Amino acid sequence: MMIIRVALDIPIDSLFDYIAPDATQQDIGLRVRVPFGKKIMIGIIIALSNDTQVPHDKLKQAEAILRDIPPLPTALMELFEFCNHYYHHPIGMVIMNGLPTRLRSIRPLPQRSIKPSFLFRLTDTGQAIALSCIPGRNKIKQRLLARLKEVDNIGSEEAKRLSPRASRLLQEFLVQGWVEKVLVELEFTLNAPPTLQLTAEQITAVNAIQAEIGTFNTWLLHGATGSGKTEIYLQVTSMLLKQGRQVLILVPEINLTPQLEAIFRSRFPATHLLSLHSKLNPSERISGWLQAQRGEAGIILGTRLAIFTPLSRLGLIIVDEEHDHSFKQQDGLRYSARDIAVFRAKQANIPVILGSATPSLESYYNAMIGRYRRLRLYTRAAKNATLPTIRYINTNAIQLKEGLSEPLLIALENCLTQKQQSMVFINRRGYAPVLLCKSCAWLATCSRCSSRLVIHLTQKSLRCHYCGHKERLPPACPQCGDQDLMPFGHGTQRIEAALAKFFPEARILRVDRDNIRRKEAWQSILAAIHEQRVDILIGTQLLAKGHDFPNLSLVGVLNADASLYSTDFRAEERLFAQLMQVAGRAGRAETAGEVLIQTEFPDHPLYHALRHHDYDAHAQILLKEREITHFPPYSYQALLNAEAPQIDIAMDFLTLAITLIKPTEQIEIFDPVPAQMARLKGLERAHLLIQSHSRKRLQAFLSDWYIKLCKFPNRKVRWTLDVDPIEF
Ligand code: ADP
Ligand code: ZN
Ligand code: ZN
């Protein structure tokens, strides 16, 4: 009897056996429709077997093995297995987390999305047609033919970008015999435009990577902001494309994809580039995924989920802004795409480049002890560009006007007269973070979370930034009826209003999560900035990440102090990175940049190091602290999170959970404590921290514990394990 062992998307970490008389070895990695309880589910065939532990009367037959697309490649299955073991998350849920929704659905795949892609290649007949033969009014036809003559062939994606009418014209060309339809080939024609003269530091870095291009190495590309890391990515990518290999590039934010996409597209116009991120619709995602698997795409650019893309000819992984916390998924499978990238590179025996101006302390430490290879870029690449000067404005000594200091206002004024761009950075969206009643001290709080409601004046609402709850701005205090409600503190909207009052002539643009919801919004914002249609930008950390704004010469920073004395041991690391990044947006081209930081603690060591752009000095201070306190990177951590309707239930669960297993040597177990956000979306949360010097021992402990936890009956608690947690 032929048994298939199937992974299903349910929270039980085991495989499920089904009878499948027609199954063969070739079916491993394919989707299968199986009955489960009263439902039909989609699973993935993991193994074949001749026998089973399941009693014969309980054993069911699989409905159908789906052979419409090739099976998941072995390397990808191994990657899922690694995540299953390392993150202690059920195998079926790990796999389904990594697959496009269409593959998780029991509905058949739409034929259109699974067809291999075609290119239209210019024939000799087409080559012989002179551009002048096409009437002048047929502009698009002319452009299309010109493009074909330039690059020899064109994919339907690129044609679509040229014009919406291009695909109809291509059909016309096809009928006339000017082009032929060919399957996308595995070889890429390269026609990169002439590249820049590299700086000495860039040359050293490129040469180092090139010398060992065919083997596994984790390169930490630690380069100051504006030092030209992108150019290094491009150079190394070009090398691999020439060898017919694929390059996977991960970025932390979906908003960073268009900019990088444009850079790579213009450097490698003939290479099929795929952009994979969460804003794609399901059919775009599945078709991209399959193109990657078939090896049709040369460059794959995406956010963290792209790390699970099957890539048959993968030759290099680049993780840009590797320090960014967005690489870690905070629910379900709590994976770090950066860490998986390193595993995947090792598995495929290829290099991985982790790039950042402010590496995570983990990566920095790994480079320090020689586990990663360090490449340093100290100077800015563009001609005459220097790192900006940083000045502090001591807010203890002066009066602020609407949160803004006199020196900052003067500097903004100067920028305006000199027609230069400036940016005010405040990492808090909304109008004000607190609504307060002056007579009874009532505060607007979220009923479902332990958080305050943020005032959004433009929408006249109060909002919870944790659960999304929204309510009307109350006309009077709900507690005492007083109408004198006061907004307290500042957010982007309030600063926008203040700046509009101070500089009525200025063109001001606010950029935060509230005004970039639409897909195209980000593109038009970037265009406005680059075309100098903006004088003053107001932005959150969205603007601080990785963007190249050549005309920006002044950055003002408000409200940075909050993280200086936080209980989160990573808060300072994060603040330092954020400030270096935001400062790094200024003075990237010819104009010298200046950064003004409003602070109550200008003598804090963090600000000292920042003034000198001295990442290393500050990293050394933080590493010393981590060493003394035994925190990562000097130890490895895991968190058992529990959520329940009442905090006692969550705490009791954790107290009991720890008695399930005898503590082993070198494993440190902390007492259960309520989480920093003790209440979220109506549930109370607590956690328990486990720590060890040895990753191996921690993993061995977690494996045993996970099995016991899975068997531990509890109905009111939802628990999860978070390995290498970054949020507490
Ligand atoms: P990073 O990613 O390291 O912050 P970028 O790659 O965005 O820096 O480069 C910053 C600017 O320097 C870009 O405008 C880029 O075009 C320019 N640049 C990069 N390399 C060179 C070079 N070798 N010569 C001149 N300009 C360069
Ligand atoms: Zn009141
Ligand atoms: Zn809430």
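First listed ligand is number 1; within each ligand, the first listed atom is number 1. Keep in mind it's a predicted model, so treat the numbers as computed, not measured.
The aromatic ring centres of H618 and H612 sit 6.0 Å or more apart.
Of all atoms in ligand 1, listed by their number and element, those nearer than 4.0 Å to a heavy atom of T225 are 4 (O).
Looking from atom 20 (N) of ligand 1 to the surrounding protein, the closest heavy atom is Q202 NE2, 3.0 Å. Taking atom 16 (O) of ligand 1 as the reference point, the nearest protein heavy-atom neighbour is L196 CD1, 4.6 Å. Counting only heavy atoms of the protein, atom 7 (O) of ligand 1 lies nearest to R588 NH2, 3.1 Å. The protein atom (non-hydrogen) at minimum distance from atom 25 (C) of ligand 1 is A381 O, 3.6 Å. For atom 15 (C) of ligand 1, the nearest non-hydrogen atom of the protein is D548 OD2, 4.6 Å. The closest protein non-hydrogen atom to atom 2 (O) of ligand 1 is T230 OG1, 3.4 Å. From the protein, the heavy atom lying nearest to atom 26 (N) of ligand 1 is A382 CA, 3.5 Å.
For R507, the CZ atom counts as densely surrounded, since its 6.0 Å shell holds more than 12 non-hydrogen atoms of other residues, nucleotides or ligands.
The shortest heavy-atom distance from S227 to ligand 1 is under 4.0 Å.
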message: Working note: K716 + F653, criterion side-chain contact (heavy atoms from CB on, under 4.5 Å); need CA distance, chi angles, decisive distance, verdict.
response: CA-CA 9 Å; K716 285 188 181 149; F653 166 81; over 6 Å; no

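When non-hydrogen atoms are compared, ligand 1 lies under 4.0 Å from the backbone of A224 (N, CA, C, O) but not from its side chain.
For F488 against P433, the heavy-atom pair with the smallest separation is O-CD, 3.1 Å.
At a threshold of 2.8 Å, the Zn ion (ligand 3) has a backbone or side-chain N, O or S atom of C449 nearer than that distance. Among the backbone and side-chain atoms of C467, an N, O or S atom lies under 2.8 Å from the Zn ion (ligand 3).
Put simply, atom 4 (O) of ligand 1 has protein non-hydrogen atoms near it, under 4.0 Å away.
Looking at G355, G228, S356, G223, it is G228 that brings a heavy atom closest to atom 9 (O) of ligand 1.
Considering backbone and side-chain N/O atoms, Q197 comes within less than 3.5 Å of an N/O atom of ligand 1. An N or O contact shorter than 3.5 Å links G226 to ligand 1 by distance.
Looking at R338, its side chain never comes within 3.5 Å of a backbone N or O of V319 through a donor-acceptor pair.
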